[in-house]
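Report on one structure; see the data block that follows.
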Amino acid sequence: MKLIFEKSVPGRRMTVLPVCDVPPAELPRELVRDTAPALPEISETDLSRHYTALCRHVHGVNCGFYPLGSCTMKYNPRIDEEMASLPGFTNIHPLAPAHTVSGCREVLDTAAQYLCRIAGMDGMTFQPAAGAHGEFTGVLLIKQYHDARGDSKRTKIIVPDSAHGTNPATAAMCGYQVVNIPSAPNGCVDLEALRAVLGEDTAGLMLTNPNTVGIFDENILEITRLVHEAGGLCYYDGANLNAVMGVVRPGDMGFDCIHMNLHKTFATPHGGGGPGAGAVGCKEFLMPYLPQSSLMTGSECLQVRSFAGNFLVVVKALTYIMTLGREGIPEAAQNAVLNANYLMHRIKGTFTPAFDRLCMHEFVLDLSEFKKETGVSALDVAKSLIDYGMHPPTMYFPLIVHEALMLEPTETESRETLDWAAEVFGKLYELGHTDPEWMHHAPHNAQIGRPDEVQAARRPVVRWQKA
C-alpha cells in the first residue's frame, strides 16, 4: 500500500477553521521555520481509510493465535485500559503536590505490596521503563551492595548460555566481566560448571527460572545456595514469571532481587517499542540502594528514570492483579503451563521438542533433523505459518538449540485453538516433505514476502524522505 505521504494532494485538507476573531500572535522571527513542514495533505475520509488499512495488515492477539515464545503475548482485559483511562490518572502532572495525587500514590503503594508478595521480595520500585532497564537496575543493586562493603574484588557476573541476550549485555554495561557457563544435557544449569567458576571474584548470578527452553530448574535451591556461599548475590530475570506467579516465589528460591515485566506477565499491552515497566524488587538488605521516585514525596532519592516511571502501566497491572485475585493469579499460571504441555504433546508426533519433558509456559522445537530431511528451515516453517493466519513463534532462540522455534500459547487460548495450531504444524510437516519449494518462498499471502532482514535490522528505513 502507499504511504500517507504518497496519497497527499496539494491543497487538500480535512477541516476548515473559522476566521480568527482575536489578534494573531506572531512568533519571533528566529523561531519561525524557513520552509513549511512536509506534512501530508489529505481528506478525512482518506485518512480514516489509510489507518484502517494499516490496522488490517497487523496481526495481534485480537486477530488470531500469537504464540511468540518468551514474550507472553497474552490477552489484555479491556478493564485494564478503562482504569488507566480515568481522568484522575491521566490528567495529573508529575510535579503535582502530594496532597492532590494521593490516589496515585495509593496505586503505587498497593501495586508494590502485591508484587512483593507475588515475588517474595521486601521492596519495590517502578522507575525502570522496561525489562532490560529493570535488569540494569537490579544488577546495579548488586554492584552498590558490594561497593558499600568495600568488596571490590567481585568483578564477575555468571550468566548461563541459555540466558536472554540482555543478561550479558546488562552485566557488561554495569562494568562486570561476564562468565558464561554451559547448560547440562537436560537444558538446566550445569552444577559442576557453576562450581568451577564460583570464587571470591563472583559478584552474582543472573538466571531465568523457568529458563528459556521452558524448563523449571529442579536444582534452583542448590544453585542459589552455591552462589551465596561464594559471597555472590542472585538476580532473577522475571521474563518467564508468567509460568509460576502465585505458585512459587523467586524470593523463596533464594533470589535477592528481581525485575518483573509488567507489560508481559501482568497483562499490559506491549510491542512496537512500548510502553513497558520493568518493576524491580529486592530483599530488605538491598533496599537502601533501591531507586525510589521523589514523585509526590518531596524527598531526594536515587533515580534511574524521571518521576515514577510509566505510571499508567502500573495502573493496568494493578487492575489485572486485583481482578484475578489470590485464586486467579496462580490459576492463570497453571493454565499457561497446561496449554504449553498440551500443544507440545500434540505437535511432537511430527516436529521434535528440544527437551521432551514436562515444560512450563513455553517449549522449544528442534527442527535440525527436519531440515536435514527436507531442506526446510525453522525460518521457512515460521514464514509458512503466516499463510495459515498464525503469528510465527520466536525463531533461532535460545542459541543452544539449532533450528529452534519457541512457542508460548499463554493461558487464555482455548483447546480448539491449540488443536487447530497442532493441525497446522502437522500440515507443514507434510508439506516440507512433499513441496519444500512452496515453504522456501512463504509467505505467499502476506502484505510483503521476505524482506532482507539483515538490512532491515542494520539499515532500517524508519521515516519517509521527500524526493
Side-chain angles (χ1 to χ4, degrees), residues 69-71 131-143 145-146 151-241 250 253-259 261 278 354-355 360 362 364 366 368 378 394-404 406 457:
S70 201
C71 280
H133 195 193
E135 282 184 26
F136 181 72
T137 304
V139 175
L140 284 181
L141 296 184
I142 294 175
K143 185 176 182 63
Y145 169 77
H146 291 309
D151 202 350
S152 59
K153 64 181 178 297
R154 300 193 177 275
T155 59
K156 297 179 180 179
I157 292 285
I158 301 169
V159 180
D161 61 1
S162 63
H164 293 107
T166 49
N167 287 182
T170 293
M173 287 180 64
C174 291
Y176 285 111
Q177 178 183 342
V178 179
V179 179
N180 190 262
I181 57 173
S183 299
N186 65 356
C188 297
V189 172
D190 187 321
L191 290 179
E192 292 307 313
L194 176 62
R195 290 188 179 97
V197 299
L198 287 171
E200 292 186 351
D201 58 358
T202 300
L205 167 76
M206 299 184 75
L207 191 66
T208 309
N209 193 38
N211 61 18
T212 55
V213 294
I215 298 174
F216 189 93
D217 200 316
E218 58 265 31
N219 295 319
I220 189 61
L221 294 179
E222 178 68 5
I223 292 168
T224 55
R225 183 187 68 80
L226 289 170
V227 175
H228 286 148
E229 282 188 353
L233 300 184
C234 297
Y235 170 85
Y236 185 91
D237 179 337
N240 293 345
L241 188 65
M253 300 180 206
F255 288 95
D256 304 295
C257 55
I258 172 180
H259 91 266
N261 296 312
F355 300 94
M360 299 301 287
E362 64 189 7
V364 178
D366 184 347
S368 299
T394 301
M395 302 178 295
Y396 300 111
F397 182 81
L399 300 179
I400 61 173
V401 178
H402 299 294
E403 294 299 322
M406 177 192 289

Return each pair, listed once, that meets ring-ring contact (aromatic ring centres under 6.0 Å, His included) where at least one residue sits in residues 167-204; pairs must be two or more places apart or across chains. none
Any pair with a residue in residues 182-196 that passes side chain to side chain donor-acceptor pair (under 3.5 Å), sequence neighbours left out, goes on the list, sorted by first then second residue, please. Asp161-Ser183, Glu192-Arg195, Arg195-Glu222
Taking all atoms of both residues into account, what is the closest heavy-atom pair of Ala404 and Val364, and its distance? CB-CG1, 3.8 Å
Can you tell me which residue pairs pass the salt bridge (charged side-chain N to carboxylate O under 4.0 Å, His left out) test with a partner in residues 212-221, sequence neighbours excluded? Glu218-Arg357
What's the spacing between Tyr236 OH and Thr224 OG1 if we round to 0.5 Å? 12.0 Å
Those residues that, when tested against Asn167, pass side-chain hydrogen bond (donor to acceptor under 3.5 Å, both in side chains) (two or more places apart): Glu135, Asp237
Heavy-atom closest contact (Ile400 atom, Ser162 atom, distance): CD1-CB, 3.8 Å
Report the residues that fulfil ring-ring contact (aromatic ring centres under 6.0 Å, His included) with Phe136, sequence neighbours left out, ordered by chain and then residue number. none
By side chain to side chain contact (heavy atoms under 4.5 Å, CB included), which residues pair with Met395, not counting sequence neighbours? Leu379, Ala382, Leu405
Side-chain touch Pro398/Val213, heavy atoms, less than 4.5 angstrom: yes
First locate atom NE2 of His133, then atom NE2 of His259, and finally report the distance between them rounded to the nearest 0.5 Å. 12.0 Å
Taking only residues two or more places apart in sequence or in another chain, which ones pass ring-ring contact (aromatic ring centres under 6.0 Å, His included) with Phe397? His164
Check whether any side-chain heavy atom of Asn209 sits under 4.5 Å from a side-chain heavy atom of Asn240, and report yes or no. no
Non-hydrogen atoms of Ala163 and Val159 that approach each other most closely: CB-CG1, 3.4 Å
At their closest point, which heavy atom of Cys234 faces which heavy atom of His228, and how far apart are they? SG-NE2, 3.8 Å
Show your reasoning for whether side chain to side chain contact (heavy atoms under 4.5 Å, CB included) applies to Ile223 and Leu194. CA-CA 8 Å; Ile223 292 168; Leu194 176 62; 3.9 Å; yes
Which residue pairs pass the ring-ring contact (aromatic ring centres under 6.0 Å, His included) test with at least one member in residues 194-222, sequence neighbours excluded? none
How long is the straight-line distance from CG of Leu191 back to CG of Leu226, given to the nearest 0.5 Å? 6.5 Å
Suppose the criterion is salt bridge (charged side-chain N to carboxylate O under 4.0 Å, His left out): which pairs have a residue in residues 162-183, not counting sequence neighbours? none
Considering only distance and modelled atom types, tabulate donor-acceptor pairs under 3.5 Å from the side chains of residues 196-206, sequence neighbours left out.
{"from": "Asp201", "atom 1": "OD2", "to": "Lys156", "atom 2": "NZ", "distance (Å)": "2.9"}
{"from": "Thr202", "atom 1": "OG1", "to": "Gly199", "atom 2": "N", "distance (Å)": "3.0"}
{"from": "Thr202", "atom 1": "OG1", "to": "Gly199", "atom 2": "O", "distance (Å)": "3.3"}

Of all heavy-atom pairs between Gly69 and Thr394, which one has the smallest distance, and what is that distance? O-OG1, 2.8 Å
Are side-chain heavy atoms of Asn180 and Pro168 found at a separation under 4.5 Å? no
So how far is it from Thr155 OG1 to Lys143 NZ, rounded to the nearest 0.5 Å? 9.5 Å
Can you confirm whether Asp256 sits close enough to Ile142 that some side-chain heavy atom of one is under 4.5 Å from a side-chain heavy atom of the other? no
Qualifying salt bridge (charged side-chain N to carboxylate O under 4.0 Å, His left out) pairs with a residue from residues 163-186, counting only residues at least two apart or across chains: none
Identify, with sequence neighbours excluded, every residue that meets side chain to side chain contact (heavy atoms under 4.5 Å, CB included) alongside Ser368. Asp366, His402, Glu403
Please round to the nearest 0.5 Å and tell me the distance separating atom CG of Leu233 and atom SG of Cys257. 7.0 Å
Beyond-backbone contact of Leu141 with Tyr235, side-chain heavy atoms, under 4.5 angstrom: no
Between Ala132 and Thr166, what is the shortest heavy-atom contact and its length? CB-CG2, 4.1 Å
